[in-house]
Structure formats: C-alpha cells, structure tokens
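For reference, the structure is listed below as structure tokens.
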Amino acid sequence: MTTTGEGASMDGEKAARLERMAEEVRNLEASPLFAYRKENGYQPVFGEGDPDADLMLIGEAPGAQEAQTGRPFVGRAGRVLDALLESIDIQREDVYITNVVKDRPPGNRDPRAEEIQAYAPFLLRQIEVIEPRVIATLGRFAAAFVIGEYDLPRRSRRMGDLHGQVLEAHLPYGEVQVVPLYHPAAAFYNPDLEDVLQEDVQVLERVLAGGSR
Ligand code: URA
C-alpha cells in the first residue's frame, strides 16, 4: 500500500468509499439474509484488506465464524487460504478479501440466486473502487459470478476445467487477469485438491509477477 504523497490520499479515498458501501450493506434490509443475520446476532462480512491491492480474492459467502466476527475467511477455510498465500509470500494485509454474498446463508447452504443478486452491486462496486490487476475466485459460485458478469471466454463451466486457468477480463479501468481456484474448503472433503490448490497458487504467483502461466 502506498503510504506517502498522493497515493496516501488516494488510498484514503478508496477506504472511505468502501466504508460507505459497508454501511449500506449493514443497513441492507432488502437482503433475503437480513432477518437471519439479525435473529442470530450475526454481522455482515463486507470484506477487508488493502484498498489498493493488486490481488482481490473473492469467496462464496461467510460461514459461522465469519458472521460472528464480521471478517472474511477467519475459520478453517481461512487457515487454508492463509497458508496458500504464505506459500507464495503474500500476507493477508497485502490483498483484499471478500465474498460474493455478504451474509451467512443458514446452515452454510449454497447461496441462492436472489441472494447473489442482492449483493452483486456491492461486489461490482468493490472491484471498481479497488481496481485489482488480478482477481482470484475461490470456488464455483465466485467463478460463475465473475465469468458471467464480465462475459469471460471460457471453454467450460466446470471447476475441474476452470481451475488454474488465466482468463482475461476487459474492465472499464483496464485489463484484469482472473484466476479461478477451488474453494479452500474443498480440500477438507477431497485431500487431493490440496496439491491442486498449491499448484494453482503458483499460477497466481506467476500472473502477479507479470508473467503468464
Ligand atoms: N468461505 C467463504 O466462501 N467465505 C468466507 O468468508 C469463509 C468461508
């Protein structure tokens, strides 16, 4: 993050815009998950990290620990994610982490179309403010969202084919490389995916370093 000169005020402005958006999400009574949030004393999970990050990570939806703390990826999947990032020398503070859906779906079920739709404008605005050079999607919901929104060319919708690919997105602020990854929690159910995730973050590392695959 830039901490001096013009960059600092730029970061401050981005942070302020993100904070205003987070406040909108806190008050989003129209969300199908608002009542469930309130009944359970949960918090929305807007996102956190460097507002000027080169890399933005997009997960699916908060789990219980995330909804209790208001922070993304702080539970078991978060520990896998942190280790993956550390393996390519990236600290959480250097990236921006968020989710497609900003409130916890009951019982960790898959997010529904109307829930994804309710939070979509916020995620798209987060991307516009942060202007990441690289987006890594975590899991099939985030991959489907980004691919669909930006109309990205892809040969398949299946994570088995998409993971570790580098997709080119033309956003209004510039070119963005999108790297779909398996969701870190997928490794709990299928330990073979640990190695796959590890290989795919190497792709991410190369993309961030400015090379291709
Ligand atoms: N899984 C997600 O997709 N997001 C989180 O924030 C935590 C777990």
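The figures that follow rest on heavy atoms only: side chains count, while hydrogens, waters and symmetry mates do not. Atoms within a ligand are numbered from 1 in the order they appear, just like the ligands themselves.
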Subject >> Residue Glu60 vicinity, atoms of ligand 1 by number, heavy atom under 4.0 Å >> reply: 2 (C), 3 (O)
Original post:
Heavy atom of Asn99 under 4.0 Å from ligand 1?
Top reply: yes
Original post:
Between Asp103 and Arg26, is there a salt bridge with N-O shorter than 4.0 Å?
Top reply: no
Original post:
Sequence neighbours excluded, which residues qualify as side-chain hydrogen bond (donor to acceptor under 3.5 Å, both in side chains) partners of Tyr182?
Top reply: none
**OP:** Pull out every atom of ligand 1 sitting under 4.0 Å from any heavy atom of Gly59, numbered as shown with elements.
**Re:** 3 (O)
Subject >> Glu24/Arg125 salt bridge by N-O under 4.0 Å criterion >> reply: yes
For residues 68-75, run the donor-acceptor check on the side chains, cut-off 3.5 Å, and write out each pair with its distance to 0.1 Å, sequence neighbours left out.
{"unit_1": "Thr69", "atom_1": "OG1", "unit_2": "Gln65", "atom_2": "O", "d": "2.8"}
{"unit_1": "Thr69", "atom_1": "OG1", "unit_2": "Glu66", "atom_2": "O", "d": "3.3"}
{"unit_1": "Thr69", "atom_1": "OG1", "unit_2": "Arg71", "atom_2": "N", "d": "3.3"}
{"unit_1": "Arg71", "atom_1": "NE", "unit_2": "Glu48", "atom_2": "OE1", "d": "2.9"}
{"unit_1": "Arg71", "atom_1": "NE", "unit_2": "Glu48", "atom_2": "OE2", "d": "3.4"}
{"unit_1": "Arg71", "atom_1": "NH2", "unit_2": "Glu48", "atom_2": "OE2", "d": "2.9"}

Original post:
Is it true that Gln65 lies under 4.0 Å from ligand 1, counting heavy atoms only?
Top reply: no
Original post:
For ligand 1, does Ala61 get within less than 4.0 Å through its side chain, its backbone, both, or neither, judged by non-hydrogen atoms?
Top reply: backbone
Original post:
Identify the closest protein heavy atom to atom 1 (N) of ligand 1: which residue and atom is it, and at what distance?
Top reply: His183 NE2, 3.2 Å
**OP:** Flag the pair Arg79 and Asp82 as a salt bridge only when some basic side-chain nitrogen lies within less than 4.0 angstrom of an acidic carboxylate oxygen.
**Re:** no
